[in-house]
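Quick notes on the structure that follows.
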Amino acid sequence: MKTDTLLILGGYGNTGQSIARLLLKETDCHVVLAGRDLARAEAMARALASKHGSERVSAVRADAADPSSLRQAMEGCRLAVVASSTPAYAGQVARAALDTGTDYLDVQVSTAKLGALSALEEDIRRAGRCFITDGGFHPGLPAVLVRYAGSRFEHLTRAEVGSVIRVEWARLDIGATAIEELVGLAGSQILEFQKGTWRPARWTAMWTPRTMDFGPVFGRQYCVPMFLEEMRSLPELYPGLRRVGFYVGGLNWFVDWVVFPLAWLAMRVWPRRALRPMARLMHWGLCRFSRPPYGTLLKLEADGLVRGTARHLELTLSHADAYELTAIPVVACLLQYLDGTARRPGLWLQAHVAEPERMLRDMERMGVAISLVEPVPGRERTAEEHWAQTPAHSVTPSGPA
Ligand SMILES: NC(=O)c1ccc[n+]([C@@H]2O[C@H](COP(=O)([O-])OP(=O)(O)OC[C@H]3O[C@@H](n4cnc5c(N)ncnc54)[C@H](OP(=O)(O)O)[C@@H]3O)[C@@H](O)[C@H]2O)c1
C-alpha cells in the first residue's frame, strides 16, 4: 500500500518540529520538512531520521511567498500542514494546495488568514479537497471542550474556557514573524457573547480582566476575552447557552500591562510601521520578565441541566510544553483525517471537524494531562480513570454535593 506523504511548511520551527516528531511516532506517513532554509530543514530531517529511519523523513526548500516553490514542494503530498508564521500568504499557500490536489491544515492565529481561506471555500469544495483551519491549542481546542461538555448535558447553559500559557521564552529560538503575529492580536477585534448575540467588546475589556481558578500550580489568574472563530457557532449548536466565551491568561506582567496596551495603541495609529518595533519590544519583554512556573493549561467550566437538575463540569488539559500542547491536538485531529472519519470536502475548523471524545482520549495517550474536576472536594480523576469507569456517551456531569 502507498504510504501517505505529509508536508510540514515551517517543519523545523518550534510548532513544526513538534508536529513532525509526533506524526512520525503516531502514523506511518512519510514526513517532508519545508522552509526557506534548506540546510536547517535537512539538519532536522537527519535528526529525525536517526530515530525513525531515513525513508520516513525528508527535506525540501519552500517559501510561502513563492507559489512555484510551494507547488513543487506539495506535488505528490496528501496533505500540507502549515506550521509556518505566514498568515499573510495564506491565500497563495491554499491556492498551491488546490493546484496540486493537496489537502490542508494550518495552525495560524489570524483573521486575515480566515478571510483568505473563506474566499476560496467554494473552490475547495468543488475540488473535493479537505481544508482544516485554526488547528492547534488555541485556536483549535476550546470548542472541542465545549462540544465534549455539550454531549454530557441535555441543556448546556454556560461554557467558558480559559487558558494559561507560561513559557520560558528566553530558551526558545523563535522567528520574528511569529512574534509579529502575537503583536497583531493586539489589533484584532474582540467579540463577546451578550444578550444572545456576539457583540464587539467594549475597548475597556482588555483593562478589566476577569479571574479564573487554574488549579494548584497556577492558582487564580486574570484573563481577558479573546474571540475565536470556533466559538461563534456554539450558541446555535447549544441554544440554551447564556454564557460562552474564551479567555486568555496573561503572559507576564510587563507584556500584559505595558506591551499589549502600547501595541494596541500603536497598531491603531501606525498599523504597518508599529509592527516590527512592537514585536521587538514584545520579544524582549517575554524573555526578560517571564518567570516559572512554566506550563500550559486549558480549562472549561460548564453548567447545564441533566434530567432537569443543575449540574457542573470542569475539564482541564495541561502539558509542561506549550508547543507539545499545540502539536498534540493537530496530530490527534490528523489521526481522524487519515482514517477518513474527519476527511470531508470543504473548509473546516479543527475544533468542529474532529470528534471530541476520541480526540481527548488520543491527546491523553500522547501526553496531555486531562482531569475532570467535580464540585465535590477530593473527587478528581484523570480522564483515563473517568473513561475507564464510564461507557462512552453516558458520562453524567456531577451535581452539587
Ligand atoms: N494554534 C495554536 O495553538 C498555536 C500555538 C503556537 C503557535 N501557533 C502558530 O504556529 C506558527 C509558527 O509558530 P512558531 O512559534 O512555531 O514559530 P517559529 O518557531 O518561528 O517557526 C516558524 C517557521 O516558519 C518558517 N517560515 C517563516 N517564514 C516562512 C516563509 N515565508 N516560507 C516558509 N516558511 C517560513 C520558519 O522557517 P524560515 O524562516 O527559515 O523559513 C520556521 O520554520 C505561527 O503562525 C503561530 O501563530 C499556533
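Heavy-atom basis, side chains included; hydrogens, waters and symmetry copies ignored. All ligand and atom numbering here is 1-based and tracks the order in the structure.
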Find all atoms of ligand 1 within a distance of less than 4.0 Å from any non-hydrogen atom belonging to [X], and give their numbers and elements.
X    : answer
V109 : 47 (O)
G13  : 19 (O), 21 (O), 42 (C), 43 (O)
G136 : 1 (N), 3 (O)
P139 : 1 (N), 3 (O)
G10  : 23 (C), 24 (O), 25 (C), 43 (O)
A178 : 17 (O), 20 (O)

Q.
To check you understand the geometry: which heavy-atom pair defines the closest contact between V161 and M212, and what is its length?
A. C-CE, 4.1 Å
[X], portion touching ligand 1 at heavy-atom distance under 4.0 Å:
X    : value
T326 : side chain
S85  : both
A83  : backbone
D63  : both
E181 : side chain
A62  : backbone

Is there a polar contact, in the sense of an N or O pair closer than 3.5 Å, between [X] and ligand 1?
X    : answer
H138 : yes
G175 : yes
T15  : yes
G135 : yes

Any [X] side-chain heavy atom under 4.5 Å of [Y] side chain:
X    : Y    : value
E229 : P139 : no
L360 : L317 : yes
V60  : L7   : yes

Any side-chain donor near an acceptor of the partner, [X] and [Y], under 3.5 Å:
X    : Y    : result
S18  : E324 : yes
Y12  : D37  : no
D303 : T157 : no

Q | Residue-ligand contact P87/ligand 1, heavy atom below 4.0 Å | A | no
Q) Heavy-atom contact under 4.0 Å between G16 and ligand 1? A) no
Q. Sequence neighbours excluded, which residues qualify as side chain to side chain donor-acceptor pair (under 3.5 Å) partners of N14?
A. none
Q | Worked verdict on L117 versus Y104 for side chain to side chain contact (heavy atoms under 4.5 Å, CB included) | A | CA-CA 11 Å; L117 292 177; Y104 167 108; 3.8 Å; yes
Among protein heavy atoms, which sits nearest to [atom], and what does the distance come to when rounded to 0.1 Å?
atom                    : result
atom 40 (O) of ligand 1 : Y12 OH, 2.5 Å
atom 19 (O) of ligand 1 : N14 ND2, 2.8 Å
atom 34 (N) of ligand 1 : S84 CB, 3.8 Å
atom 32 (N) of ligand 1 : A64 N, 2.8 Å

Q. Can you find a protein heavy atom closer to atom 36 (C) of ligand 1 than 4.0 Å?
A. no
Q) So which of F193, F246, W198 actually passes ring-ring contact (aromatic ring centres under 6.0 Å, His included) with F227? A) W198
Q: Please indicate whether R199 has more than 12 foreign heavy atoms, meaning atoms of other residues, nucleotides or ligands, lying under 6.0 Å from its CZ.
A: yes
(Q) If you take the centroid of each ring, where Trp contributes its six-membered ring, are W257 and F289 closer together than 6.0 Å? (A) no
Among [options], closest by any non-hydrogen atom to [atom]:
atom                    : options                : result
atom 28 (N) of ligand 1 : K113, Q108, Q17, R36   : R36
atom 8 (N) of ligand 1  : L185, L228, T296, V107 : V107
atom 2 (C) of ligand 1  : Y89, Y323, F137        : F137

**Q.** Set of residues satisfying side-chain contact (heavy atoms from CB on, under 4.5 Å) with respect to A274, sequence neighbours excluded
**A.** A266, M267, W270, M278
